[in-house]
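Single-structure report; data block below.
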Amino acid sequence: MTGNSQEDDTTGHDHTDNHSDEGDHNESQDEETHSHGHGGELDSPSAEAEVTMATTESGAHFEPHVVWIETGGRVTWINESGSHSTTAYHPDNEEPQLVPDEAAAWDSGVLSAQEATFDHTFETEGVYHYYCTPHETAGMIGSVIVGQPDLETQPALEEPPSEKAESVREKLTGLNDTIRGALDNDRSDSEQNETESHDEHDH
């Protein structure tokens, strides 16, 4: 298991690594709330992201479902309510591989304390799917995009594993559609900017 779990952390931000100070973390949280919330736009990768884990009247959720970070960026999960885990679809967790080749696994274990946190740093570019061990079949599944991955080489974007429940397969398919849309839009924007730049030079 990799990553740092802090069951007793009441701030959700008191990490002991050197990635950022608390001010940067709070700014990033604000950006994530606006850019990467449920139903929001995935515009571009950020240095770090926060995902809340909660049980509500509508069920158990990761919020946002998909985040996009830079290679070497960090995701912090915060338990708002209920008991949840963040666990990679990785052979080391006895799951099918839905992460990039050579990527490290992570598993927070079940976090029950309110405001308990777990973080993981993503060193390998690609698409990652993960789930909550108590609530996987209820659809509590999330995704992390790292860097600018090649869509055609991502195990996570292949047909969902046949051995998984239909509810899990449907959730994975929906996440894959969201991820492909975000990366396709980003590439279209980049190509448009390059075209405009060439046009300016021609004049």
Side-chain angles (χ1 to χ4, degrees), residues 1-6 9 11-37 40-53 62-79 85-93 95 97-109 111 116-132 141-158 175-176 178-187 189-190 193:
M1 181 178 81
T2 60
N4 300 310
S5 179
Q6 298 186 9
D9 180 10
T11 67
H13 304 293
D14 187 21
H15 298 289
T16 55
D17 57 33
N18 297 318
H19 289 289
S20 68
D21 60 27
E22 183 151 346
D24 290 342
H25 202 131
N26 288 338
E27 288 179 12
S28 176
Q29 180 182 4
D30 292 339
E31 290 171 3
E32 293 304 318
T33 299
H34 293 294
S35 300
H36 294 218
E41 294 296 326
L42 290 164
D43 297 324
S44 61
S46 57
E48 55 183 29
E50 289 185 354
V51 179
T52 60
M53 304 183 292
F62 291 114
E63 182 64 32
H65 300 151
V66 183
V67 293
W68 191 358
I69 60 172
E70 299 165 356
T71 303
R74 183 180 67 183
V75 176
T76 300
W77 289 268
I78 304 171
N79 189 44
S85 81
T86 165
T87 306
Y89 283 106
H90 192 290
D92 286 357
N93 294 330
E95 290 288 347
Q97 181 186 336
L98 299 180
V99 299
D101 294 334
E102 310 302 325
W106 77 89
D107 179 13
S108 67
L111 304 178
T117 66
F118 177 86
D119 64 67
H120 180 73
T121 299
F122 292 79
E123 302 290 355
T124 302
E125 184 175 69
V127 176
Y128 299 70
H129 289 321
Y130 65 93
Y131 66 102
C132 169
I141 301 170
S143 306
V144 180
I145 306 169
V146 179
Q148 302 283 348
D150 181 351
L151 293 174
E152 303 307 314
T153 62
Q154 300 303 311
L157 297 180
E158 296 175 0
L175 290 169
N176 287 347
T178 299
I179 292 163
R180 288 182 181 277
L183 292 173
D184 283 343
N185 287 339
D186 183 68
R187 284 176 171 77
D189 290 343
S190 297
N193 290 338

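These numbers were taken from a predicted model, which means no experiment stands behind them.
- W77 and Y130 have perpendicular rings, their planes meeting at more than 60° on a 0 to 90° scale where under 30° would count as parallel.
- To the nearest 0.5 Å, atoms CH2 (W106) and OG1 (T87) are separated by 9.0 Å.
- Rounded to the nearest 0.5 angstrom, L111 CG and F118 CZ are separated by 8.0 Å.
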Using side chain to side chain contact (heavy atoms under 4.5 Å, CB included), reason through T121 and R74 one step at a time and then give a plain yes or no.
CA-CA 4 Å; T121 299; R74 183 180 67 183; 4.0 Å; yes

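- For the pair Q148 and W68, the minimum side-chain heavy-atom distance is below 4.5 Å.
- The two atoms that bring V127 and P100 nearest to each other are O-CD, 3.4 Å, heavy atoms only.
- If you take OG1 on T153 and CD on E158, they are separated by 9.5 Å, rounding to the nearest 0.5 Å.
- Residues L42 and N185 form no side-chain contact, since every pair of their non-hydrogen atoms from C-beta on lies 4.5 Å or further apart.
- For Y131, the ring pair (Phe, Tyr, Trp, His ring centres under 6.0 Å) partners two or more places apart in sequence, or in a different chain, are Y89.
- The shortest non-hydrogen separation linking P64 to V67 is CG-CG1, 3.5 Å.
- In terms of modelled atom types and a separation under 3.5 Å, the side chain of N93 and the main chain of A88 share a donor-acceptor contact.
- Counting heavy atoms from C-beta outward, S108 and H120 have side chains that stay 4.5 Å or more apart.
- Once rounded to the nearest 0.5 Å, the distance linking CG of L183 with CD1 of I145 reads 4.5 Å.
- For the pair G72 and E123, the tightest heavy-atom approach, listed with the atom from each and the gap, is CA-OE1, 3.7 Å.
- Across all non-hydrogen atoms, the minimal contact from V51 to F62 is CG1-CB, 3.9 Å.
- Counting all heavy atoms, side chain and backbone alike, T124 lies closest to E102 at OG1-O, 4.1 Å.
- Side-chain atoms of H129 and N176 form a donor-acceptor pair, as typed in the model, at a separation below 3.5 Å.
- Between the side chain of T52 and the backbone N or O of E63, at least one donor-acceptor pair lies under 3.5 Å.
- A distance of 12.5 Å separates OG1 in T86 from CD1 in I78, rounded to the nearest 0.5 Å.
- Atom CD of E125 is separated from atom CD of E70 by 11.5 Å, given to the nearest 0.5 angstrom.
- Two residues are said to be in side-chain contact when any heavy atoms from C-beta on lie closer than 4.5 Å; T178 and H65 fail this criterion.
- At a threshold of 4.5 Å between non-hydrogen side-chain atoms, the residues D101 and P155 count as touching.
- Here the closest heavy-atom approach between residue G109 and residue S85 is recorded as O-CB, 3.3 Å.
- Two residues are said to be in side-chain contact when any heavy atoms from C-beta on lie closer than 4.5 Å; E48 and T76 fail this criterion.
- At least one side-chain heavy atom of V146 sits less than 4.5 Å from a side-chain heavy atom of V144.
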